[in-house]
Amino acid sequence: MAAANRFKRVRSQLPSCYYDGFLEKKSIKDKMGRKLWTSLCGNSLFFYNSTKDSVYIEKLELSDLVSVSDDCCRDRNLDAARFTLHMKNEDIKMIAPSLEARELWKGFMLSVSKLSVPSSLNLLPGQIHMMKEIIEKEKIRQRLLSSLPSPSCSDNYVTVPSDMPSCYHNVTRVEAEYLLERNANRGSLLLRPGHDGASFALTTRQDINGPVFRHYRVSRRHEGGFAIALETPITCETLHDVVNCLLEKTNGVMVPLLMEGHYDKNITFAETNNENGETIVQCPKVPSPTPPVPPPKPGNTSLNHLQQRHLNVFCFNVDVERKPLVPSGYPKTSSRSNSLSGMPKNIPKCQQQHVDINELQQVLNRRRNQE
């Protein structure tokens with residue numbers, strides 16, 4: 001069996017799925033079988049743990065398939081049907097849920113690997129017609145792959161350039177229509193992978209008495225570049241040119257769909273309460289940083305005055321002469337007063353004092369009592 005490629009791709013990047021269902025697989029390396037959801041995409045089997053998984057866990061290349069034979073061993077499940085895939089290097093045992101499912105699996109596997117409908121199987125006319133259609137699709141897919149330059153990685157199913165247009169979205173045809181429908185106010189055009197995994201497609205949306213979707217195939221050219229598959233193909237050098245070409249041809253009516261990822265603004269986590277077992281969503285508060293207080297500017301007297309009031313300290317300069325206030329009509333007297341005019345002048349600044357306002361108030365009260 002071919003080893004699972006480490007460059008695993010999601011389902012939207014794989015070729016068209018021809019058939020899928022549950023199969024129990026057991027190879028020589030496996031000690032016991034595993035029931036896996038199996039999809040036949042192109043000429044390979046992709047195995048998933050469940051139907052909801054988008055990334056496969058194993059891949060089996062059917063190009064190495066030599067033949068398929070029934071296994072007559074009895075199973076505990078009487079409806080199950082065993083068969084063996086004879087590969088070039090090993091044999092792989094499979095168990096289908098029923099005889100009918102076994103015949104269909106054998107028919108589809110042999111059809112895509114040999115590109116012909118097997119004649120040794122018990123198939124209904126409708127089933128034979130389905131396999132003929134699948135063979136034609138597989139021939140077209142392989143022909144397209146053979147015309148492409150070999151990719152850098154070993155997985156042929158997807159060759160995505162590193163420099164993609166901003167409107168490229170890794171979605172399927174149905175998902176593209178849903179994405180444009182839900183985001184009609186953001187854009188009306190997107191680029192996506194093609195259904196065969198080797199080409200691309202442009203999907204557009206317009207409101208014409210209701211939503212109308214159109215899809216344009218973008219294939220690679222053997223000589224390089226890309227081509228929009230129309231009645232008259234349009235060739236472009238890069239995928240960016242493909243998008244710009246469609247914008248130009250539609251007179252700028254179409255707008256590329258640009259999706260900006262959402263980022264959470266708060267830290268949120270779920271925590272289980274050990275006492276009652278309930279799960280509570282926690283959102284811890286992050287303290288906002290306090291901005292540093294800038295130092296006072298030299299000429300800002302109002303700020304200095306506020307700081308002095310906050311510290312409850314009164315600072316005065318004894319170098320300033322203060323005259324007593326005498327009401328009009330009263331003679332000026334040299335009697336003892338509360339004025340500071342009698343204090344010596346020109347005191348050096350080093351001798352200036354800072355007096356607590358409470359102490360000053362007590363001194364003034366004593367002087368009033370003495371008078």
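Pairs of residues two or more places apart, or lying in two chains, that qualify as ring-ring contact (aromatic ring centres under 6.0 Å, His included) and include a residue from residues 84-105 are Tyr19-Trp105.
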**Message:** Quick one, Leu202 with Leu190, criterion side chain to side chain contact (heavy atoms under 4.5 Å, CB included). Give me CA distance, side-chain angles, the key distance, then yes/no.
**Reply:** CA-CA 6 Å; Leu202 285 166; Leu190 63 82; over 6 Å; no
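The structure places CZ of Arg173 at 6.5 Å from CD of Glu177, a figure rounded to the nearest 0.5 Å. Atom OG of residue Ser67 and atom NZ of residue Lys106 lie 10.5 Å apart, to the nearest 0.5 angstrom.
Taking all atoms of both residues into account, the shortest heavy-atom contact from Ser188 to Leu180 is C-CD2, 3.8 Å.
Residues satisfying the ring pair (Phe, Tyr, Trp, His ring centres under 6.0 Å) criterion with Phe213, sequence neighbours excluded, are absent altogether.
No single ILVMFWY cluster, assembled from side-chain heavy atoms under 4.5 Å apart, contains both Leu247 and Val255. Residues Met131 and Leu124 fall into different hydrophobic clusters, defined by Ile, Leu, Val, Met, Phe, Trp and Tyr side chains chained together at heavy-atom separations under 4.5 Å. Cluster annotation: Met87 is connected to Phe47 through the hydrophobic network of ILVMFWY side chains, with a link wherever side-chain heavy atoms come within less than 4.5 Å. Note: the hydrophobic cluster containing Ile57 also contains Leu40 (ILVMFWY, side chain heavy atoms under 4.5 Å, direct or indirect links). Leu230 and Phe226 fall within the same hydrophobic cluster, defined by Ile, Leu, Val, Met, Phe, Trp and Tyr side-chain heavy atoms under 4.5 Å apart, directly or through other members.
Contact check on Lys25 versus Glu58 returns a salt bridge, with a Lys/Arg side-chain nitrogen under 4.0 Å from an Asp/Glu carboxylate oxygen.
Residues Lys249 and Cys245 meet the side-chain proximity criterion, which asks for heavy atoms closer than 4.5 Å. Taking the side chain as every heavy atom from C-beta outward, Glu61 and Lys88 never approach each other to under 4.5 Å. Two residues are said to be in side-chain contact when any heavy atoms from C-beta on lie closer than 4.5 Å; Phe46 and Asp20 fail this criterion. Side-chain atoms of Glu248 and Asn244, non-hydrogen and from C-beta on, never get closer than 4.5 Å to each other. At a threshold of 4.5 Å between non-hydrogen side-chain atoms, the residues Leu60 and Leu85 count as touching.
A donor atom on one side chain and an acceptor atom on the other are not found under 3.5 Å apart for Thr235 and Arg221. Donor-acceptor pairing under 3.5 Å is lacking for the side chains of Glu175 and His169.
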